[in-house]
Amino acid sequence: MPLYDFKCLDCGQQFEALVLKSQPECPGCQGNNLEQLISMFSVDSASIRQSNIQSARKAGVKVAKDKAIADQEAIKHHDD
């Protein structure tokens, strides 16, 4: 299967996409300004696993911060 890793150059989101005939779109911003990344699926090492874990943790922290800000704004606007 032609499964590739991409990074959106507009919003920075990284994702996998099945590519058959058309160029994929970013799931975050629906943009087509994409960079195809080197897939690391066949390489497995402790350093790569650690790097992936750190990336996932950073993304999780960002999502949690964004959610906290959105919750505070929703509470503030609800009280107005």
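Applying the ring pair (Phe, Tyr, Trp, His ring centres under 6.0 Å) test to residues at least two apart or on different chains, none of the pairs has a partner in residues 50-75. Identified under the ring pair (Phe, Tyr, Trp, His ring centres under 6.0 Å) test for residues 5-24, with sequence neighbours left out: Phe6-Phe15.
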Donor-acceptor pairs under 3.5 angstrom involving side-chain atoms of residues 26-37: please list them, not counting sequence neighbours.
from	atom 1	to	atom 2	distance (Å)
Gln30	NE2	Pro27	O	3.3
Asn33	ND2	Asp10	OD1	3.1

Could you list the donor-acceptor pairs under 3.5 angstrom formed by side chains in residues 61-72, with sequence neighbours left out?
from	atom 1	to	atom 2	distance (Å)
Lys62	NZ	Asp66	OD2	2.9
Lys67	NZ	Asp71	OD2	2.9

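With rounding to the nearest 0.5 angstrom, the CZ atom of Arg49 is 9.5 Å from the CG atom of Asn52.
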